[in-house]
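In this text the structure is predicted, and so the values were computed from the model without any measurement.
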Amino acid sequence: MDPRARLKSHAERAVPEEVDDILETGLVAHLGFAVEGQPYVIPMLYHFEPGEGSERPRLYLHGSSKGRAMRHWESGARV
């Protein structure tokens with residue numbers, strides 16, 4: 001697991017076995033990133049498909065290819 005994704009406060013409340021169910025029932029994800037030190041958090045509609053068998057899960061974000069979030073992500077930057 002990426003150290004940035006590890007819970008540090010109240011790790012006992014974590015429910016990793018429920019992640020797929022939570023993502024399948026949700027509609028909006030909040031994508032966070034920083035550009036030149038300025039933080040941004042943008043709500044985006046999404047669709048989640050859990051992986052079956054050896055397939056990896058997929059998360060599709062709905063956004064404009066000309067929008068700041070997608071341009072930033074496309075550049076290879078962390079989001």
Side-chain angles (χ1 to χ4, degrees):
M1 176 183 286
D2 186 316
R4 296 180 309 144
R6 187 169 294 122
L7 288 175
K8 295 179 181 95
S9 296
H10 299 288
E12 73 280 1
R13 295 182 188 174
V15 287
E17 66 281 356
E18 295 180 27
V19 169
D20 285 359
D21 291 337
I22 292 168
L23 289 172
E24 283 184 280
T25 58
L27 296 173
V28 178
H30 291 81
L31 185 71
F33 58 95
V35 176
E36 297 177 8
Q38 172 67 45
Y40 297 92
V41 178
I42 298 178
M44 302 179 83
L45 295 175
Y46 75 90
H47 172 73
F48 176 74
E49 292 180 1
E52 293 186 26
S54 62
E55 286 184 1
R56 294 181 63 182
R58 293 180 183 259
L59 182 68
Y60 297 91
L61 295 174
H62 177 74
S64 169
S65 60
K66 295 178 182 175
R68 177 181 291 145
M70 296 304 228
R71 285 193 325 261
H72 185 69
W73 193 4
E74 194 174 64
S75 75
R78 289 184 159 188
V79 295

Tell me the closest heavy-atom pair linking A34 and H72, and the distance in Å.
O-CE1, 3.3 Å
By the side chain to side chain donor-acceptor pair (under 3.5 Å) test, which pairs, at least two apart or in different chains, include something from residues 8-17?
H10-E12
Can you tell me how far NE2 of H62 sits from NE2 of H47, rounded to the nearest 0.5 angstrom?
13.5 Å
Linking Ile, Leu, Val, Met, Phe, Trp and Tyr by side-chain heavy atoms under 4.5 Å, what else ends up with M44?
V19, L23, L31, F33, V35, Y40, I42, Y46, F48, L59, L61, M70, W73, V79
Pairs involving residues 20-31, ordered by first then second residue, that meet side chain to side chain donor-acceptor pair (under 3.5 Å) (sequence neighbours left out)
none
Greater than 12 external heavy atoms within 6.0 Å of Q38's CD
yes
